[in-house]
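Worksheet for the structure shown next.
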Protein chains: 2
Amino acid sequence: MPPPRFPLPQGTLDMLILQILSLGPAHGYGIAQRLEQISRSVVQVNEGSLYPALHRLHQKGWLRAEWRQSEAGREAKFYSLTRAGRRQLALEKDSWARLTGAVGLIFEEGSR
Amino acid sequence: MPPPRFPLPQGTLDMLILQILSLGPAHGYGIAQRLEQISRSVVQVNEGSLYPALHRLHQKGWLRAEWRQSEAGREAKFYSLTRAGRRQLALEKDSWARLTGAVGLIFEEGSR
DNA sequence: TCTGGATACATCGAAGGTCAAGGTATGGAC
DNA sequence: GTCCATACCTTGACCTTCGATGTATCCAGA
């Protein structure tokens, strides 16, 4: 039985996109593929979430967009992190660490 | 500067409530306090999130509700986990572990 | 006595993100 | 010539969280 898909908690997708782009420019389709590969299929991005998220991040000035030729020889919109995007990623990683830390504390409380 | 408050990702509140109740019955107000205490104020539950969540979980059959006297001598609605609630908590913990694991993988990918 | 703060419940509308479903188009392989 | 992978996008339904607001009791301190 393959692991069940589960919805990404609101807000985490932005962080994951920024993280992938911190490794280098990529287009939407590629971002989705990388997320799935690296996470071993735990993270599966819906296109109806992905593209709005990219537009959102772009509009906020965290991404730069540029039409280029893809590896497959197709026109594709390549995104890359801006300086502000890098800052934002750091912030979101920080929040994530505090959240998971807090959840960890709450879970431990039961096992003592 | 105190750590900034941040919104709980959608869905995590249910899991945290179930976890707190797995330690024993509690009323809404008390659940919020415990979450804040245990998490060292990282998790701060909004009442407009808490009460709808409790009703939701109750309606799904994961909680039992009962009016009793609180420690402070006030009428309060005490919630406790049902068997189905315990099952649900296990499921959600599992999803959480897979999610944080996946996010961990994606973060590591950058630091190699 | 009365005022404020803690306890305890609840509801409402706004805001925001995710999802499933659907649509368009090109390139290469068979 | 047809199918699949690539690559973009939009729409509406759904759900949760949030901030604001409302009600009520109890107790401590001025």
Side-chain angles (χ1 to χ4, degrees), chain A residues 4-18 20 25-37 42-60 62-63 65-79 88 92 95-96 99, chain B residues 4-18 20 25-37 42-60 62-63 65-79 92 95-96 99 102:
Chain A
R5 339 181 40 168
F6 58 89
L8 274 178
Q10 209 160 301
T12 54
L13 179 57
D14 289 11
M15 177 178 72
L16 295 181
I17 291 174
L18 292 175
I20 291 296
H27 55 251
Y29 193 80
I31 292 172
Q33 284 186 317
R34 290 190 202 187
L35 282 175
E36 187 160 346
Q37 282 167 8
V42 173
V43 173
Q44 291 180 15
V45 190
N46 194 305
E47 295 197 308
S49 307
L50 177 66
Y51 290 110
L54 287 171
H55 299 160
R56 195 160 63 230
L57 298 174
H58 183 230
Q59 192 137 34
K60 286 182 177 169
W62 297 337
L63 304 186
E66 181 192 6
W67 285 98
R68 289 218 309 264
Q69 203 80 4
S70 82
E71 320 76 41
R74 311 273 309 273
E75 279 300 299
K77 203 189 277 182
F78 278 75
Y79 292 95
Q88 181 62 22
E92 298 202 6
S95 282
W96 178 256
L99 172 65
Chain B
R5 340 180 41 165
F6 57 89
L8 275 178
Q10 209 160 303
T12 53
L13 178 58
D14 290 10
M15 177 179 71
L16 295 181
I17 290 175
L18 292 175
I20 291 296
H27 54 250
Y29 193 80
I31 292 172
Q33 284 187 317
R34 290 191 202 187
L35 281 175
E36 187 160 344
Q37 282 166 7
V42 172
V43 173
Q44 291 179 14
V45 190
N46 195 306
E47 295 197 305
S49 307
L50 178 66
Y51 291 109
L54 287 172
H55 299 160
R56 195 159 65 229
L57 298 175
H58 183 231
Q59 193 137 34
K60 286 181 176 169
W62 298 336
L63 304 186
E66 182 191 6
W67 285 97
R68 289 219 307 263
Q69 201 80 2
S70 82
E71 321 76 39
R74 310 276 306 276
E75 278 301 299
K77 203 189 279 181
F78 279 75
Y79 291 96
E92 298 202 7
S95 282
W96 178 256
L99 173 65

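Lettering follows sequence order; numbering is per chain, from 1.
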Select one nucleotide: of [options], the one nearest the side-chain heavy atoms of [X].
X	options	result
B/His55	C/dA10, C/dA8, D/dA7	C/dA10
A/Lys77	C/dT18, D/dC8, D/dC15	D/dC8
B/Glu71	C/dC9, C/dA8, D/dA7	C/dA8
B/Arg56	D/dC9, C/dT11, D/dT17	D/dT17
A/Glu47	C/dT7, C/dT18, C/dG23	C/dG23
B/Asn46	D/dA7, D/dC18, D/dT17	D/dC18
B/Gln10	C/dG16, D/dA5, C/dT11	C/dG16

Quickly work out the [X] [atom1] to [N] [atom2] distance and round it to whole Å.
X	N	atom1	atom2	value
A/Leu35	C/dT18	CG	P	12 Å
A/Glu75	C/dG27	CD	P	10 Å
A/Leu50	C/dC19	CG	P	11 Å
A/Arg74	C/dT24	CZ	P	16 Å
B/Leu13	D/dG19	CG	P	13 Å
B/Trp67	D/dA24	CH2	C1'	11 Å
A/Leu8	C/dG16	CG	C1'	15 Å
B/Arg34	C/dT7	CZ	P	13 Å

(request) Inspect the surroundings of CD in B/Gln59 and state if more than 12 heavy atoms from other residues, nucleotides or ligands are less than 6.0 Å away. (result)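 No - once you tally the heavy atoms of other residues, nucleotides and ligands closer than 6.0 Å, there are 12 at most.
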Spatial distance of atom [atom1] ([X]) from atom [atom2] ([Y]) [nearest 0.5 Å]:
X	Y	atom1	atom2	value
B/Leu54	B/Trp62	CG	CH2	13.0 Å
A/Leu13	A/Asn46	CG	CG	9.5 Å
A/Lys77	A/His58	NZ	NE2	7.5 Å
A/Ile17	A/Tyr79	CD1	OH	9.5 Å

Quick check on [N]: is either OP1 or OP2 less than 4.0 Å from any side-chain nitrogen or oxygen of [X]?
X	N	result
B/Gln33	C/dT7	yes
B/Tyr51	C/dA10	no
A/Ser49	C/dG17	no

(request) Select from A/Gly48 and B/Gly11 the residue whose nearest nucleotide in DNA chain D is closer to the 5' end of that strand. (result)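 Going by which nucleotide is closer to the 5' end, it is A/Gly48.
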(request) Return the angle between end axes of the helix from C/dT1-D/dA30 to C/dC30-D/dG1, with five pairs used per end and rounding to 10°. (result)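 Computed from the C1' atoms at both ends, the axes differ by 10°.
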(message) Need one value for A/Gly28: base, sugar-phosphate or nothing, where a base atom within 4.0 Å counts as base even if backbone is also close, heavy atoms only.
(response)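 Sugar-phosphate: the residue A/Gly28, judged by heavy atoms under 4.0 Å, touches backbone atoms but no base.
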(message) Testing A/His27, A/Arg68, A/Gln69 one by one against A/Glu75 for a side chain to side chain contact (heavy atoms under 4.5 Å, CB included), which residue passes?
(response)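 Filter result, single survivor: A/Gln69.
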(message) Please tell me whether A/Glu92 and A/Gln88 have a donor and an acceptor in their side chains that are separated by less than 3.5 angstrom.
(response)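 Their side chains do contain a donor-acceptor pair, which is all the 3.5 Å distance test asks for.
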(request) Given side chain to side chain contact (heavy atoms under 4.5 Å, CB included), test A/Tyr29 with A/Leu50 step by step and report yes or no. (result) CA-CA 9 Å; A/Tyr29 193 80; A/Leu50 177 66; over 6 Å; no
